[in-house]
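Shown next, in structure tokens, is the structure this report addresses.
The figures that follow rest on heavy atoms only: side chains count, while hydrogens, waters and symmetry mates do not. We number each residue from 1, following the sequence as shown.
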Amino acid sequence: MEKNQKRTMVLCGILATALIVFVILALLAPHGEDFLRSEGTGILSGNLDLERDGIYCMAQGEEDSILIEGDLGSQWEFFVPEDGTYYLSAGYMPLEGNGQELEFALTIDGKALNSNITLTRIWVDDKGFRHAASGDEIRPVQSEANLWVEEPFRIGKKERLALELKAGKHSILLLGVSQSGLVRYLRLYQEEIPSYEEYLSKQGGQNKVEKDFYRQIEAEMPNMKSSSVLYAVYDRSSPYTLPYNPEDGGGTESGRSPILSDL
């Protein structure tokens, strides 16, 4: 009987230890959906700016914004002055959801696009880096920012949506597919990127940067970002990791690379 009780106690101890280890690893693991919802009452305008060049399709709904959700959508009519390639962006604010990007179906002049288009959510690091009992830094919890922003629609979350339009009257129908948001306006615009030589010629009157000018930007602490899975990681193999530790060939365990890609 005593042997069975001891065996049972040993098994319970092993199971309890395994459970504790599992919980600790789960807390430290970089889960992409590890985020909080902001409950702030102040809603800022972000990069919303009606002074930008382009063709504006303004909302005509309650408080000058339109809810795009599920089958709910809106249609706009607009006039294009000349033939060309136009990009489409929106002045919008995402509403609470599951953290995924906002997805829409677009119909232009009665013809539906083959692919759905998306708008991103805006994320911030909540309250900076946390610390484990050992002193090592743990990446911050991701919190969604309540902002009115303007961002271009993208296909497959990557390439900007480009529309080939002829001069004249056109119509756009925007329908919600996944997630929901408020839209203040759509903006169609053309973009001409100057060559490096053209850019330099326009900067002739500007002060030149000194030869010894140096500025280091730590990407581990971004102001805002377009995804909750963009977070800092450490890299022991690179001398660019800060703080750098030459004894182990790179940064310390709490050192992180100052580069974040796909931001």
Side-chain angles (χ1 to χ4, degrees), residues 35 37-81 84-124 143-166 168-191 224-228:
F35 54 81
R37 292 294 167 190
S38 173
E39 297 180 356
T41 55
I43 299 177
L44 305 177
S45 290
N47 62 346
L48 213 59
D49 184 3
L50 291 174
E51 299 300 321
R52 299 180 183 184
D53 293 334
I55 303 167
Y56 282 84
C57 301
M58 304 301 298
Q60 299 296 327
E62 183 178 354
E63 297 183 356
D64 297 326
S65 63
I66 296 173
L67 174 65
I68 307 292
E69 177 182 42
D71 293 333
L72 295 176
S74 188
Q75 181 167 329
W76 289 266
E77 292 186 349
F78 59 95
F79 181 83
V80 171
T85 301
Y86 291 82
Y87 296 101
L88 180 65
S89 65
Y92 69 102
M93 183 179 67
L95 298 179
E96 184 172 350
N98 62 10
Q100 300 298 314
E101 294 191 335
L102 284 65
E103 188 173 358
F104 307 90
L106 183 73
T107 299
I108 179 79
D109 295 332
K111 184 178 179 181
L113 257 62
N114 294 328
S115 302
N116 289 338
I117 54 179
T118 59
L119 290 172
T120 187
R121 295 179 182 272
I122 307 299
W123 302 90
V124 295
S143 178
E144 189 175 342
N146 293 96
L147 289 174
W148 282 102
V149 293
E150 181 184 324
E151 291 292 328
F153 287 97
R154 296 184 182 275
I155 298 177
K157 303 180 182 180
K158 294 181 179 179
E159 305 234 343
R160 288 183 299 169
L161 173 66
L163 301 173
E164 298 295 332
L165 300 176
K166 298 289 186 181
K169 189 176 181 180
H170 298 272
S171 66
I172 280 182
L173 174 62
L174 187 67
L175 294 174
V177 173
S178 176
Q179 307 303 300
S180 59
L182 297 175
V183 174
R184 281 187 177 174
Y185 63 80
L186 301 184
R187 181 171 74 97
L188 292 110
Y189 61 96
Q190 293 182 297
E191 188 172 75
M224 297 180 187
K225 47 195 172 181
S226 58
S227 173
S228 62

Is it true that Glu151 and Arg160 have a side-chain N and a carboxylate O under 4.0 angstrom from each other?
no
Ring pair (Phe, Tyr, Trp, His ring centres under 6.0 Å) with Phe153: which of Tyr92, Phe104, Tyr87?
Phe104
Please determine whether side-chain contact (heavy atoms from CB on, under 4.5 Å) holds for the pair Leu186 and Phe78, giving the CA-CA distance in whole Å, both sets of side-chain angles, and the decisive distance to 0.1 Å.
CA-CA 10 Å; Leu186 301 184; Phe78 59 95; over 6 Å; no
Apply side-chain contact (heavy atoms from CB on, under 4.5 Å) to residues Leu95 and Leu182 and explain how you reach the verdict.
CA-CA 7 Å; Leu95 298 179; Leu182 297 175; 4.1 Å; yes
Interatomic distance, Leu106 atom CG to Asn114 atom CG [nearest 0.5 angstrom]:
11.5 Å
Take atom CG of Asp49 as the centre, draw a 6.0 Å sphere, and report whether it contains more than 12 heavy atoms from other residues, nucleotides or ligands.
yes
Short N-O contact, Glu150 and Arg52, less than 4.0 angstrom:
yes
Heavy atoms of Thr85 and Gln190 approach each other most closely as O-CG, 3.3 Å
Less than 4.5 Å apart, any side-chain heavy atom of Tyr185 and any of Leu50?
yes
Between Ser171 and the options Asp109, Thr107, Ile108, the side chain to side chain contact (heavy atoms under 4.5 Å, CB included) test singles out Asp109
Heavy-atom closest pair (Leu67 atom, Glu69 atom, distance to 0.1 Å) is CD2-OE1, 3.5 Å
Distance in Å, Tyr56 OH paired with Trp76 CH2, rounded so as to fall on 0.5 Å steps
14.5 Å
Which heavy atom of Leu48 sits nearest to which heavy atom of Gly91, and what is that distance?
CD1-CA, 3.5 Å
Taking Gln179 as the fixed residue, which of Arg121, Glu96, Glu101 is the one that meets the side chain to side chain contact (heavy atoms under 4.5 Å, CB included) rule?
Arg121
With heavy-atom distances below 4.5 Å as the criterion, would you say the side chains of Arg154 and Ile117 are in contact?
no
Working note: Lys169 + Glu77, criterion salt bridge (charged side-chain N to carboxylate O under 4.0 Å, His left out); need CA distance, chi angles, decisive distance, verdict.
CA-CA 7 Å; Lys169 189 176 181 180; Glu77 292 186 349; 3.3 Å; yes
Between the CG atom in Asn116 and the OG atom in Ser178, the distance rounded to the nearest 0.5 Å is 9.5 Å
Working to the nearest 0.5 angstrom, can you tell me the gap between Leu188 CG and Leu88 CG?
5.0 Å
Would you mind reporting whether Leu174 and Ser74 have side-chain heavy atoms less than 4.5 Å apart?
no
What I'd like to find out is whether the side chain of Ile55 reaches to under 4.5 Å of the side chain of Val80, using heavy atoms alone.
yes
Is the Tyr86-Tyr189 ring centre distance short of 6.0 angstrom?
no
Atom CZ in Arg187, atom OG in Ser89: separation rounded to 0.5 Å?
4.5 Å
Going by atom types alone, do Thr118 and Glu103 pair a side-chain donor with an acceptor below 3.5 Å?
no
Smallest separation among heavy atoms of Gly176 and Ile68, with atom names:
N-CG2, 3.6 Å
Leu102 vs Val177, side-chain contact (heavy atoms from CB on, under 4.5 Å): CA-CA, chis, key distance, verdict
CA-CA 8 Å; Leu102 284 65; Val177 173; over 6 Å; no
Distance in Å, Gln75 CD paired with Ile172 CD1, rounded so as to fall on 0.5 Å steps:
9.5 Å
Which heavy atom in Ala59 sits nearest to a heavy atom in Ser65, and how many Å separate them?
CB-CA, 3.9 Å
